[in-house]
Amino acid sequence: MQQSTEQLELGDRLLFTDGITEARAFSVEPFIDFIIRHHTDNLPVDETLRRLKDAVMDYHQGRLEDDATVHVCEWHGPRAFDGAP
């Protein structure tokens, strides 16, 4: 397993997926393009995920044959954890 360290800045998002990029319509490059396009539109995480779910379901005609999981974390800074404004 490879480890790395990254410095997150406010608004950075981490995305983990399983089962999405295996579909032909969402190979790695189109998937990344989809996420970047919706992120640069300043859409909130939940709206980006809703649109991704809709696009994947449309591609599969409303029925998945396998799992499709996406998890997104958005960094709001250290103050989000200590209750400070």
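All residue numbers refer to positions in the sequence shown, counting from 1.
At a threshold of 4.0 Å, the pair D46-R50 does not count as salt-bridged, since none of the basic side-chain nitrogens sits closer than that to a carboxylate oxygen.
The line from CD of E74 to OG1 of T48 is 9.0 Å long, rounded to the nearest 0.5 Å. Note that the CD atom of Q7 and the CH2 atom of W75 stand 8.5 Å from one another [nearest 0.5 Å]. The NZ atom of K53 sits 9.0 Å away from the CG atom of D58 when rounded to the nearest 0.5 Å.
Proximity of R13 to V45: side-chain heavy atoms (C-beta onward) are separated by under 4.5 Å at one or more points.
In this structure, V72 and V70 approach most closely via the heavy-atom pair CG2-CG1, 4.0 Å.
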